[in-house]
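Values in this document were obtained by computation on a predicted structure and should not be read as measured data.
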Amino acid sequence: MNRILIAGAGPVGLTAALALARRGFAVTVLESGDGLAAESRASTFHPPTLEMLDDLGVGAELHERGLLSPTFAYRDRAEGLIAMLDLAVLGNDTRFPYRLQCEQSKLTPILLAHLRRFADFEIEFGFQVTGVGQKADGVIVTAADGRAETGDWLIGADGAHSATRRATGVTFDGITYPERFLVASVDEELTGWLDDLAAVNYVFDPVEWCVLLRTPDHWRVLLPTPVETPDEQEYARLDSRLRGVHDPGRPWRIAHASMYRVHQRVATSFRTGRVLLAGDAAHVNNPLGGLGMNSGIHDAVAYAEALATGDDATVWAAATDRRRIALEYVQSVSHQNYERLRATDPDARAAHLDGLRATAADPALARQSLLRSSMIASLRRVPA
């Protein structure tokens, strides 16, 4: 049959579909929604992800819609700029020595347009997965409305509440953070208010840490928010909190805001028979560092490469390796980012800020740090 089923038409699912279609597989994507999701969600593409998307033929179109971010900054609420790291030091390590700021909702239509060029590609919207049956050489996926699709393999890329994962009985172990994350997209130009601002800025503070990042359409401000207060109360005080970042003498122009709980979880297995889990269906983490969508795209490409070999052991190895990376790298780095932004011990905070200054001032130290934060080190061994 040689058909691969993919649950989820987000950036991970559609990347997997395109990587497989370009290798000659017939692909069917099963999406629970009535169309592609319009929410902006993730917005940072790291260098190795840009390489993968470029290899799939969609890199130029993504660049046309995105914003190059060659630097990112560490700041302190009281002290201002602490360190500016320049990804140019990775010039010999990647052909894209920068981050690209672009909402994932701009990538998915590009991927789908490329997929529609393949005769053996299909997409079914409104397909809410309710069951996954397996046999030795394939899978059958059923939907709430009675539809059923059969394939050789199923890749579950259907998000943190994955119906695919639930259908296979795989548990999703981890923690939930004590705060909610409140994200405001604003119609303001922050570079006119704050000196030495990069497109991505991590702002340290024991209580009111935050992240300031630029997308092609808006500046975004991410703020930690108590879990026990009503949503309407937090939205009502959002402007006063934004004025703590900068007070323009008037209310901030807020385009939209959203609030969500944040988890660090990893599936107990990324493979169950002929079902593979990818992206948020397999692992979720806090957004600090922009690792989630990127690591999911890396899952997708790794699975396509493994399935193309036709070797079962290679597929097992890919699933095992992607779980190892999720545990040892993605979970570790994202949680460390969270702990450092909110650290309360004055000595530990001062030591970390001094370390960041020293790293930014030394190209060798900066390169080692950036190899890790850019996710290059998670994918390959890089000589010193």
Side-chain angles (χ1 to χ4, degrees), residues 40 43-47 66-91 97-103 181-225 237-255 257 287-290 337-344 346 348-363 365-367 369-370 373-374:
S40 57
S43 61
T44 294
F45 291 85
H46 288 297
L67 175 71
L68 264 62
S69 177
T71 63
F72 66 91
Y74 293 108
R75 303 176 66 90
D76 181 82
R77 278 270 187 173
E79 298 183 44
L81 180 66
I82 299 298
M84 186 85 71
L85 291 179
D86 190 338
L87 279 77
V89 300
L90 300 179
Y98 48 81
R99 295 180 178 187
L100 187 75
Q101 294 299 108
C102 187
E103 301 90 341
F181 282 23
L182 174 57
V183 180
S185 295
V186 300
D187 290 322
E188 304 286 3
E189 184 44 70
L190 272 60
T191 53
W193 293 347
L194 299 171
D195 294 333
D196 302 314
L197 207 60
V200 179
N201 307 266
Y202 303 102
V203 184
F204 295 90
D205 190 84
V207 178
E208 197 77 334
W209 59 266
C210 67
V211 180
L212 312 173
L213 63 86
R214 190 76 170 92
T215 71
D217 298 333
H218 299 98
W219 274 95
R220 286 187 191 172
V221 184
L222 184 154
L223 296 158
T225 302
R237 74 185 188 102
L238 174 57
D239 180 66
S240 66
R241 299 184 72 191
L242 292 172
R243 292 194 192 209
V245 176
H246 175 79
D247 188 355
R250 57 164 174 78
W252 279 53
R253 292 187 287 263
I254 301 170
L288 305 175
N337 290 341
Y338 166 81
E339 293 289 358
R340 286 176 170 172
L341 276 174
R342 63 193 288 273
T344 57
R349 280 175 51 80
H352 179 58
L353 297 184
D354 285 344
L356 290 174
R357 292 185 184 99
T359 296
D362 185 327
L365 290 176
R367 175 175 172 269
S369 175
L370 289 166
S373 65
S374 71

Problem - Heavy-atom check, side chain of L190 versus side chain of L212, under 4.5 Å - result: yes

Handout entry: Test ring-ring contact (aromatic ring centres under 6.0 Å, His included) applied to W252 - qualifying residues, sequence neighbours left out
Key = W193

Completion exercise
Closest non-hydrogen contact found for P251 with D239 is CA-OD1, 3.4 Å

Handout entry: Distance-minimising heavy-atom pair for I82 and L353
Key = CG2-O, 3.7 Å

Problem - Validation row: V245, L194 side chains within 4.5 angstrom (heavy atoms) - result: yes

Handout entry: Residue pair R99 / G289: nearest heavy atoms and the distance that separates them
Key = NH2-O, 4.4 Å

Problem - Side chain proximity check, E188 to I254, heavy atoms < 4.5 angstrom - result: no

Exercise for the section: Indicate whether any N or O donor in one side chain lies under 3.5 Å from an N or O acceptor in the other, for R241 and T225. Expected result: yes

Exercise for the section: Start with the C-alpha distance between V183 and V221, add both sets of side-chain angles, then the distance that settles side-chain contact (heavy atoms from CB on, under 4.5 Å), and finish with yes or no. Expected result: CA-CA 6 Å; V183 180; V221 184; over 6 Å; no

Practice task
For residues L356 and F204, determine if any side-chain heavy atom of one lies less than 4.5 Å from a side-chain heavy atom of the other.
Solution key: yes

Problem - Pairing of R357 and E79 as salt bridge, 4.0 angstrom limit - result: yes

Handout entry: Side chains of Q101 and S69, donor plus acceptor under 3.5 Å
Key = no

Completion exercise
T215 and E103 have their tightest heavy-atom pair at OG1-OE2, 3.1 Å

Problem - Pair L197-R75, side-chain contact (heavy atoms from CB on, under 4.5 Å): steps then yes or no - result: CA-CA 9 Å; L197 207 60; R75 303 176 66 90; 4.0 Å; yes

Problem - Charged N-O contact under 4.0 Å between E189 and R214 - result: yes

Fill in the blank from the handout: Per side-chain contact (heavy atoms from CB on, under 4.5 Å), V211 is matched among L223, N201, L222, N337 by L222

Fill in the blank from the handout: Here the pair of heavy atoms bringing L85 nearest to A360 is CD2-CA, 3.6 Å

Handout entry: Heavy-atom closest pair, residues P216 and L67
Key = CG-N, 4.2 Å

Practice task
Please find out if less than 6.0 Å separates the ring center of F181 from that of W209.
Solution key: yes

